[in-house]
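Since the structure comes first, as structure tokens, the remarks are kept for the end.
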2 protein chains.
Amino acid sequence: MTKTRDSSAPASGRERILEAAVGRFSRQSYDQTGLREIAADAGVDVAYVHRAFGSKEQLFHAAVKRVMQTEKFLDDLGTDPARMLAAHVVSKSKADAGCEAGPMGILIHSLTSPKAAAVLRAVVIEDFVAPLGTQLDANATQRAALAAALLMGFSILRDVLELPVLTEGPGGSLERGLADALAVVLGQTKPEI
Amino acid sequence: MTKTRDSSAPASGRERILEAAVGRFSRQSYDQTGLREIAADAGVDVAYVHRAFGSKEQLFHAAVKRVMQTEKFLDDLGTDPARMLAAHVVSKSKADAGCEAGPMGILIHSLTSPKAAAVLRAVVIEDFVAPLGTQLDANATQRAALAAALLMGFSILRDVLELPVLTEGPGGSLERGLADALAVVLGQTKPEI
DNA sequence: GCGAGAGGTCAACACCTGTTGACTTCGGCC
DNA sequence: GGCCGAAGTCAACAGGTGTTGACCTCTCGC
């Protein structure tokens with residue numbers, strides 16, 4: 001199998017738990033996900049999950065950190081950030097069948113639980129809005145926040161609520177529309193409309 | 001007190017439960033909200049909540065329907081839909097201290113719970129995307145969906161994650177930025193940028 | 001007056017949750 | 001060989017959940 005790590009390493013229990021947690025938290029909410037599910041996915045007893053990570057909240061924190069360090073799609077935005085971001089979100093959310101849903105998945109699914117939101121708020125600010133802001137001009141953080149809003153809303157409507165308009169058909173016009181909106185929000189040169 | 005109904009009517013128990021449910025579900029998620037909280041808010045025993053509405057899921061459905069029929073901000077979008085929508089979302093989410101958070105509140109807080117999402121998906125399509133689409137031109141539903149995405153993401157970042165950029169300061173430039181982006185998404189005449 | 005039924009309460013059930021303490025098993029070090 | 005700690009398991013606790021059946025209480029129609 002092509003694991004994300006060394007193919008030879010048998011993936012220690014703690015590591016399997018972390019991977020299982022990332023998978024679950026990317027698809028379900030914090031509240032909705034039970035430690036027993038994660039333990040079962042990892043082929044481990046519940047008690048060991050708790051023993052290895054301290055608490056559910058700490059496990060969630062570790063999972064979020066893992067995803068964020070795995071995917072840093074803000075590193076290479078190139079000359080056309082809007083198009084890059086749009087392309088990334090669109091392509092990423094297409095891989096719903098598999099396992100990895102990217103940072104957006106684990107983010108949008110646990111927005112509502114207060115304990116999870118405490119972690120997520122910090123992550124969104126530190127690992128998304130702030131670094132995106134540094135790549136832009138004046139009013140940077142506000143524009144970055146609006147861009148984040150658009151991307152997050154898009155992800156939610158497509159992956160959580162599964163609006164047919166956003167799930168079916170060739171993503172061409174959809175991606176272009178998203179990119180145009182992002183361009184405006186980010187203050188790039190306006191699209192020709 | 002200025003209740004939403006007749007000021008003289010003492011608000012029957014069932015009605016108080018419904019109002020309490022709207023309040024709770026607008027601030028917390030479906031999973032996170034217990035029937036005992038709602039019962040306490042309404043000054044009623046838990047058993048009666050269940051007896052009056054059948055189940056938690058049916059109560060949630062009733063609450064969502066109530067909010068949607070109360071607020072139909074899609075009726076009068078006028079000649080500048082983008083600005084109207086932006087103004088509505090911005091002004092509505094400012095009234096967080098009180099009680100009513102509008103449709104967005106009850107929508108974004110329970111996205112993650114499957115039972116709640118079943119109700120919400122139908123509502124978003126029927127009561128938001130579809131009617132908004134009828135007021136637009138070609139590619140209508142797709143544009144409406146993108147607009148919904150922007151508004152929803154904005155609401156989440158502001159009210160759930162409480163990004164400082166979106167909560168503080170005079171809403172002027174913020175609202176203008178949101179309106180510009182909406183204008184592009186909706187296919188109105190482009191802003192002068 | 002009196003039965004009936006709506007409006008409402010009480011206590012409990014069955015289930016699921018995160019969490020914990022005691023126990024076992026296994027590999028490496030002296 | 002024997003110890004020791006890490007890795008892992010087992011069973012159970014304490015608390016919270018939605019839900020249910022039996023019960024009370026008041027008002028209205030006859």
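Labels below follow one simple rule: chain letters A, B, ... track the order of the sequence lines, proteins then strands, and each chain is numbered from 1.
- Per the geometry, CZ belonging to Arg51(B) stands 13 Å off P belonging to dC23(D), to the nearest Å.
- Whole-Å rounding puts the Tyr48(B) OH to dC10(C) P distance at 15 Å.
- Asp31(A) places its CG atom 17 Å from the P atom of dC16(C), with the value rounded to the nearest Å.
- For the pair His109(B) (side chain) and Gln28(B) (backbone), a donor-acceptor distance under 3.5 Å is absent.
- One finds the CG atom of Leu151(A) at 11.0 Å from the CG atom of Leu146(A) (value rounded to the nearest 0.5 Å).
- Where Val44(B) and Leu35(A) meet DNA chain C, the nucleotide closest to each residue was compared, and Val44(B) sits on the side nearer the 5' end.
- Between the side chain of Arg158(B) and the backbone N or O of Leu166(B) there is at least one donor-acceptor pair closer than 3.5 Å.
- Checking the phosphate oxygens (OP1, OP2) of dG18(C), no side-chain nitrogen or oxygen of His50(A) falls inside 4.0 Å.
- Straight-line distance from the CZ atom of Arg14(B) to the P atom of dG8(C): 11 Å, rounded to whole Å.
- For the pair Glu37(A) CD and dT17(C) P, the interatomic distance rounds to 7 Å; values are reported in whole Å.
- The nearest whole Å value for the distance from the NZ atom in Lys56(A) to the C1' atom in dG18(C) is 8 Å.
- Protein atom CD of Gln28(A) is 15 Å distant from nucleotide atom P of dC16(C), rounded to whole Å.
- Here the side chains of Gln32(B) and Glu37(B) are not in contact, with every heavy-atom distance at 4.5 Å or above.
- Between Asp45(A) and Arg36(A), the one whose closest nucleotide on DNA chain D sits nearer the 5' end is Asp45(A).
- As a whole-Å value, the separation of Ile38(A) CD1 from dT17(C) P is 11 Å.
- Among the nucleotides dT19(C), dG8(D), dT20(C), the one closest to the side chain of Val46(A) is dT19(C).
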